[in-house]
Protein chains: 2
Amino acid sequence: MSSPRPRIPEATVARLAVYLRVLAGLADGGRSNVSSGELASAAGVNPAGLRKDLSHLGPCGIRGVGYEVATLRDRIARVLGVERSRPCVLVGIGNLGTALADYAGFGSRGFRFVGLFDAAPARVGQRIGGQPVRPMTELAEVVAATGATIGVVATPADVAQSVCDRLTAAGVRSILNFAPVALSAPDGVDVRQVDLSVELQVLAFLGQQRGTTVEVTA
Amino acid sequence: MSSPRPRIPEATVARLAVYLRVLAGLADGGRSNVSSGELASAAGVNPAGLRKDLSHLGPCGIRGVGYEVATLRDRIARVLGVERSRPCVLVGIGNLGTALADYAGFGSRGFRFVGLFDAAPARVGQRIGGQPVRPMTELAEVVAATGATIGVVATPADVAQSVCDRLTAAGVRSILNFAPVALSAPDGVDVRQVDLSVELQVLAFLGQQRGTTVEVTA
DNA sequence: GCGACTTTGTTCCTGCGTTCACAAGCGGTT
DNA sequence: AACCGCTTGTGAACGCAGGAACAAAGTCGC
């Protein structure tokens with residue numbers, strides 16, 4: 001009703017997550033106040049842009065002083081919807097999947113894996129980070145029981161679409177995909193793609209361009 | 001000189017890498033021709049946008065027919081600078097680093113790891129994907145000997161900046177950073193950040209927004 | 001040989017994101 | 001109590017990316 005929340009640009013949301021991480025670190029370090037300049041420097045962005053990002057949350061700083069670390073952290077966390085830990089499921093417990101399941105950073109950022117799944121019988125039953133790997137047959141059951149709305153796909157490319165279908169059928173609404181394929185999901189389901197080799201190739205291009213600024217050997 | 005190559009937008013470069021992957025798959029499947037519509041569908045983008053991206057390479061299609069798969073693939077690979085395999089070094093052989101070192105996808109995308117490094121003595125000497133983990137003291141030597149220009153950082157956040165400094169000092173010009181900190185590098189060095197928890201938090205926000213379109217329980 | 005269809009390459013336009021620069025507000029000081 | 005410096009928040013301009021529509025060009029069928 002009285003929520004002045006027209007919409008927050010997606011690029012801003014991504015940066016808010018970065019600010020949140022920096023603020024959490026500052027709070028742990030005992031800091032109570034920060035200026036936009038210092039925060040922007042730590043996050044690697046422009047100070048004016050940071051203030052504009054924060055303006056989407058309404059006024060949350062004190063002019064002449066700066067921002068209160070704990071207050072700003074909590075407000076960003078609430079806006080992002082990570083004040084409470086969110087249940088996620090992870091499919092594909094290969095090298096990357098194992099790394100993700102073990103990554104402690106997720107736990108402190110408002111996410112917890114409530115189910116690890118793999119199609120290979122050899123993987124099922126292994127324990128990773130204190131959790132057992134389950135067979136794919138239990139996917140729908142676990143999603144329903146835990147209310148998980150986020151699924152992470154770390155499978156080979158050839159089965160990623162099939163896994164995506166099963167996740168959405170089970171009720172997952174958001175998917176983070178590490179497999180190098182474009183997934184198609186029904187309307188109402190958000191898919192984000194993380195492609196590691198694309199990142200490397202962009203770097204390769206930038207590096208090459210730096211070497212051959214305009215000159216090209218025809 | 002006669003190179004009509006003013007500049008290619010970075011967003012286009014990232015999509016070119018995706019097209020390259022799709023084209024490689026089509027070529028492996030025996031396909032010889034593709035239309036922009038089909039290619040765009042497989043890459044998950046708009047057909048008109050795809051044609052605009054490709055127009056940066058100069059005319060490379062045949063009107064009324066489409067694109068020749070092998071030709072287009074090779075041209076994109078040449079523009080991205082991945083026609084020949086590029087040597088990379090990887091620092092931080094934890095769970096994620098091991099997954100990256102083992103990931104076969106890099107090899108087929110024009111990248112090979114010529115050095116795996118870790119500061120922990122317990123890790124040094126282990127073999128991963130046929131390569132030994134080396135101590136950090138050998139970093140500069142290996143970079144110089146192999147001519148590696150790309151470094152991947154998969155260390156904990158608190159040492160990432162120090163690793164970045166050592167990489168740049170050794171001559172690395174491009175850095176892909178998985179640690180959740182903003183790295184500062186000298187001018188002339190490109191840094192790309194991949195932050196897994198940021199991706200999850202964006203998903204969480206989008207999912208939450210979907211639930212509470214305008215209504216908020218105050 | 002000619003026409004029609006298909007598909008590319010390009011152009012325009014709309015909207016978004018980013019940056020710069022200024023006004024408003026608060027704390028500390030005299 | 002009034003002034004001064006510092007920092008936030010906002011308004012405007014610039015540049016870029018994305019999408020739709022149109023023209024050029026080549027192929028297939030007759």
Side-chain angles (χ1 to χ4, degrees), chain A residues 4-19 23 26 31-69 71-73 75-76 79 182 193 198 202 205-206 209, chain B residues 4-19 23 26 31-69 71-73 75-76 79 182 193 198 202 205-206 209:
Chain A
R5 207 164 297 184
R7 68 173 176 277
I8 301 183
E10 194 168 313
T12 293
V13 173
R15 284 189 296 267
L16 284 176
V18 176
Y19 308 153
L23 287 166
L26 289 174
R31 286 288 297 274
S32 60
N33 283 39
V34 224
S35 69
S36 67
E38 189 179 358
L39 196 53
S41 169
V45 300
N46 186 297
L50 180 139
R51 291 199 295 273
K52 177 158 286 197
D53 286 339
L54 262 44
S55 73
H56 288 103
L57 319 178
C60 45
I62 304 173
R63 297 177 191 233
V65 178
Y67 300 91
E68 198 179 345
V69 172
T71 306
L72 185 56
R73 164 172 58 87
R75 188 186 294 209
I76 294 180
V79 169
Q193 177 86 18
V198 165
V202 172
F205 173 79
L206 295 176
Q209 208 180 30
Chain B
R5 207 164 296 185
R7 66 173 176 278
I8 301 182
E10 193 169 313
T12 292
V13 173
R15 283 189 298 268
L16 285 176
V18 177
Y19 308 153
L23 287 165
L26 290 174
R31 287 287 299 275
S32 60
N33 283 42
V34 226
S35 69
S36 66
E38 189 178 357
L39 196 53
S41 170
V45 301
N46 185 295
L50 181 140
R51 292 199 296 272
K52 176 171 290 192
D53 287 339
L54 262 45
S55 73
H56 288 103
L57 319 179
C60 47
I62 305 173
R63 297 175 191 235
V65 178
Y67 300 91
E68 198 179 346
V69 172
T71 306
L72 186 56
R73 165 173 56 87
R75 187 183 298 209
I76 294 180
V79 169
Q193 177 84 20
V198 165
V202 172
F205 173 79
L206 295 175
Q209 209 179 30

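All values derive from a computational prediction rather than experimental measurement. Chain identifiers are assigned alphabetically (A, B, ...) following the order of the sequence lines, protein sequences preceding nucleic acid strands; residue numbering begins at 1 within each chain.
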Round to a whole Å and report the spacing from [atom1] of [X] to [atom2] of [N].
| X | N | atom1 | atom2 | answer |
| --- | --- | --- | --- | --- |
| Asn33(B) | dT27(D) | CG | P | 11 Å |
| Leu57(A) | dT8(D) | CG | P | 14 Å |
| His56(B) | dT10(C) | NE2 | P | 10 Å |
| Arg51(A) | dT7(D) | CZ | C1' | 7 Å |
| Asp53(B) | dG9(C) | CG | C1' | 13 Å |
| Glu10(A) | dG17(C) | CD | P | 9 Å |
| Glu68(B) | dT8(C) | CD | C1' | 15 Å |
| Leu50(A) | dC20(C) | CG | P | 14 Å |

Would you mind telling me which residue lines up with the more 5' stretch of DNA chain C, Asn46(A) or Pro59(B), judged by nearest nucleotide?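 The residue whose closest nucleotide sits nearer the 5' end is Pro59(B).
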
First of Ala11(A) and Ile62(B) reached from the 5' end of DNA chain C, by closest nucleotide: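 The residue whose closest nucleotide sits nearer the 5' end is Ile62(B).
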
So do [Y] and [X] actually touch side chain to side chain, heavy atoms under 4.5 Å?
| X | Y | result |
| --- | --- | --- |
| Leu23(A) | Tyr67(A) | no |
| Leu206(A) | Val13(B) | no |
| Tyr19(A) | Leu54(A) | yes |

From the options dT18(C), dA23(C), dT8(C), select the nucleotide whose nearest atom is closest to the side chain of Arg63(B).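 The answer is dT8(C), which lies nearest to the side chain.
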
Side chain of Pro9(A), heavy atoms from C-beta onward: which of dG17(C), dT10(D), dC16(C) has the nearest atom to it?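 Closest nucleotide to the Pro9(A) side chain: dG17(C).
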
Under 4.0 angstrom between [X] side-chain N/O and [N] OP1 or OP2:
| X | N | value |
| --- | --- | --- |
| Ser36(A) | dT7(D) | no |
| Tyr67(A) | dC26(C) | no |
| Arg15(B) | dG18(D) | yes |

Which heavy atom in Leu26(A) sits nearest to a heavy atom in Leu39(A), and how many Å separate them?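 Reported closest heavy-atom pair: CD1-CD1, 4.2 Å.
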
I'd like to know if Lys52(A) reaches the base of dT10(D) with its side chain such that a donor and an acceptor end up less than 3.5 angstrom apart.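 Donor-acceptor pair under 3.5 Å: no.
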
Salt bridge (Lys or Arg N to Asp or Glu O under 4.0 Å) partners for Arg31(A), two or more places apart: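 Only Glu38(A) meet the salt bridge (Lys or Arg N to Asp or Glu O under 4.0 Å) criterion with Arg31(A).
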
Gly49(B) near the nucleic acid: base, sugar-phosphate alone, or nothing, with a heavy-atom cut-off under 4.0 Å?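 Answer is nothing: Gly49(B) stays at 4.0 Å or more from every strand.
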
